[in-house]
2 protein chains.
Amino acid sequence: MSEHSKVPSVEASELAKKLSESGLRLTSQREHVFHVLRAQTDHPTADEVYLRTKAEMPEISMATVYNTLDALVRCGLVKQVNVDRAATRFCCNMEDHCHFYCEECGWVHDIELSGGIRDFPIRMPRDLSARQLDISIRGACRNPGDCNRKSAGSS
Amino acid sequence: MSEHSKVPSVEASELAKKLSESGLRLTSQREHVFHVLRAQTDHPTADEVYLRTKAEMPEISMATVYNTLDALVRCGLVKQVNVDRAATRFCCNMEDHCHFYCEECGWVHDIELSGGIRDFPIRMPRDLSARQLDISIRGACRNPGDCNRKSAGSS
DNA sequence: GTCAATAATTAGAATCATTCTAATTTTAAA
DNA sequence: TTTAAAATTAGAATGATTCTAATTATTGAC
Ligand SMILES: [Mn+2]
Ligand SMILES: [Mn+2]
Ligand SMILES: [Zn+2]
Ligand SMILES: [Zn+2]
């Protein structure tokens, strides 16, 4: 209920730093979107980010959300995750990890890697240079009937 | 130039078998689409499959290509691959493997796994049951300038 | 502080892959 | 044959994302 719902600035400094490293400005919209991403550990779609940010900042536009997500990905603060043919999802956990996607309820979950991503048993051809490795696992949250089916991505 | 360009039936038997196992019929369209997928080791988009199949069978429709690809995936003859936000691609290599995606030219390449997919260093939470593991690697084909940039997916 | 240049934001249109719909054709059984 | 189910088709609809053109905010000289 407090009127001056300012975004906490613990992250603002890191955000400003990373943005400026990429020649980008720190704006209120970018701050809000980043805050929204950090507020929950789920993997919202652009549209979900839009709705949540709009709650804090009603005048923000969808275009800005897309632009901002793109900016955050470009300056290394957010990862892009692709699960199936559904909407691209975004993740602000920058540790090496992979994604679990529940086919029952749509929930996306981070899964740690026990070793470094380096020692994966992949035989990489010499003529290919890898920049990024993405691992996604699809399955079910729990025994069928247990997970919150069809209620994906609500806040 | 030969008039009776029939699809080779080496694969037709396997196709018919797998289809019937899923309660699906073997049709000429399905045979052609499957043949098109096997003819090249690249990873065509639905649209590319459509164009190639159309060359063999001019009356086929886009809807049928989508339906057929879906049928082939459902009966375990084709894998669906998702690279970035681009069009979904399809693969008829059913071995455990991962995909390399060249960010320069759009080429998608299969990469073998040296070990089984089982012994990957992933710490799987007990309350999650995995059905499928997808690994995609993005990078560049060769030293920048060498790969056939911007000429993805041509036949 | 003013001004120009640049960056960011905005609404809405455009694009593009995919799915849906409703009508028609084919196939398999009875 | 007749009939029912399955498959195919053209085209419309959907939905995520990108593009466009106009407006607003920042920045850095001056
Ligand atoms: Mn994540
Ligand atoms: Mn493949
Ligand atoms: Zn679930
Ligand atoms: Zn390449």
Side-chain angles (χ1 to χ4, degrees), chain A residues 12 15-16 18-34 36 43-54 56-75 78 80-90 101 106 108 152-153, chain B residues 12 15-16 18-34 36 43-54 56-75 78 80-90 101 106 108 152-153:
Chain A
L15 177 55
K18 284 295 187 87
L19 282 171
S20 70
E21 279 171 17
S22 299
L24 299 168
R25 293 173 184 163
L26 175 59
T27 66
S28 170
Q29 287 88 341
R30 286 172 178 169
E31 221 171 331
H32 277 285
V33 166
F34 191 51
V36 156
H43 298 69
T45 62
D47 191 61
E48 286 161 353
V49 172
Y50 172 59
L51 292 175
R52 293 177 198 175
T53 308
K54 216 171 162 175
E56 302 182 356
M57 182 180 235
E59 69 277 19
I60 199 170
S61 74
M62 193 68 198
T64 297
V65 169
Y66 270 106
N67 290 341
T68 297
L69 289 171
D70 187 58
L72 293 176
V73 170
R74 279 199 329 267
C75 69
V78 168
Q80 224 169 310
V81 183
N82 288 86
V83 180
D84 200 23
R85 63 189 69 186
T88 302
R89 288 165 180 274
F90 298 87
Y101 175 67
V108 180
Chain B
L15 176 55
K18 284 294 187 88
L19 282 171
S20 71
E21 279 171 17
S22 299
L24 299 167
R25 292 173 184 163
L26 175 61
T27 66
S28 170
Q29 286 88 340
R30 287 172 178 169
E31 221 170 332
H32 277 284
V33 166
F34 191 50
V36 156
H43 296 70
T45 63
D47 191 61
E48 286 162 352
V49 171
Y50 172 59
L51 291 175
R52 293 178 199 175
T53 308
K54 215 171 164 177
E56 301 182 356
M57 181 182 235
E59 69 277 20
I60 200 170
S61 73
M62 192 68 195
T64 297
V65 169
Y66 271 106
N67 290 341
T68 297
L69 288 171
D70 186 59
L72 293 176
V73 170
R74 280 200 326 268
C75 70
V78 167
Q80 224 169 309
V81 183
N82 288 85
V83 180
D84 201 23
R85 63 188 69 185
T88 302
R89 287 165 183 275
F90 298 87
Y101 175 67
V108 180

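Hydrogens, waters and symmetry mates are skipped; everything else that's a heavy atom, side chains included, is used.
Evaluation of the salt bridge (charged side-chain N to carboxylate O under 4.0 Å, His left out) rule for A:Glu59 yields no partner, not counting sequence neighbours.
Nearer the 5' end of DNA chain D, as judged by each residue's closest nucleotide, is the contact made by B:Leu26, out of A:Asp47 and B:Leu26.
Rounded to whole Å, the distance from CG on B:Leu69 to C1' on C:dT19 is 14 Å. The CG-P distance, from A:Leu19 to D:dT27, rounds to 12 Å in whole Å. Between A:Glu48 atom CD and D:dT17 atom P there is a gap of 11 Å when expressed in whole angstrom units. For the pair A:Glu31 CD and C:dA8 P, the interatomic distance rounds to 15 Å; values are reported in whole Å.
Judged by distance alone, with hydrogens and angles left aside, the side-chain atoms of B:His43 form a donor-acceptor pair with the main-chain N or O of B:Val108 at under 3.5 Å. Side-chain atoms of B:Thr68 come within 3.5 Å of backbone N or O of B:Thr64 as a donor-acceptor pair. At least one donor-acceptor pair under 3.5 Å links the side chain of B:Glu48 to the backbone N or O of B:Thr45.
Not one side-chain nitrogen or oxygen of A:Tyr66 sits closer than 4.0 Å to the OP1 or OP2 atom of D:dT18.
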Q: Check the pair A:Leu26 / A:Glu31 against side-chain contact (heavy atoms from CB on, under 4.5 Å), numbers first and verdict last.
A: CA-CA 7 Å; A:Leu26 175 59; A:Glu31 221 171 331; 4.3 Å; yes
Q: List the steps and the verdict of side-chain contact (heavy atoms from CB on, under 4.5 Å) for B:Phe34 and B:Arg30.
A: CA-CA 6 Å; B:Phe34 191 50; B:Arg30 287 172 178 169; over 6 Å; no
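By the 4.5 Å heavy-atom criterion applied to side chains, B:Arg52 and B:Pro44 are counted as neighbours.
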Between the protein and nucleotides 9-13 of chain D, which nitrogen or oxygen pairs are less than 3.5 angstrom apart?
unit_1 : atom_1 : unit_2  : atom_2 : d
D:dT9  : OP1    : B:Glu59 : O      : 3.0
D:dT9  : OP2    : B:Ser61 : N      : 3.2
D:dT9  : OP2    : B:Ser61 : OG     : 3.4
D:dT9  : OP2    : B:Thr64 : OG1    : 2.5

Protein-nucleic acid N or O pairs under 3.5 Å, nucleotides 2-6 of chain D:
unit_1 : atom_1 : unit_2  : atom_2 : d
D:dA6  : O4'    : B:Arg25 : NH1    : 3.2
D:dA6  : O4'    : B:Arg25 : NH2    : 3.4

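Rounding to the nearest 0.5 angstrom, the gap separating the CD atom in A:Glu56 from the NE2 atom in A:His32 is 5.5 Å.
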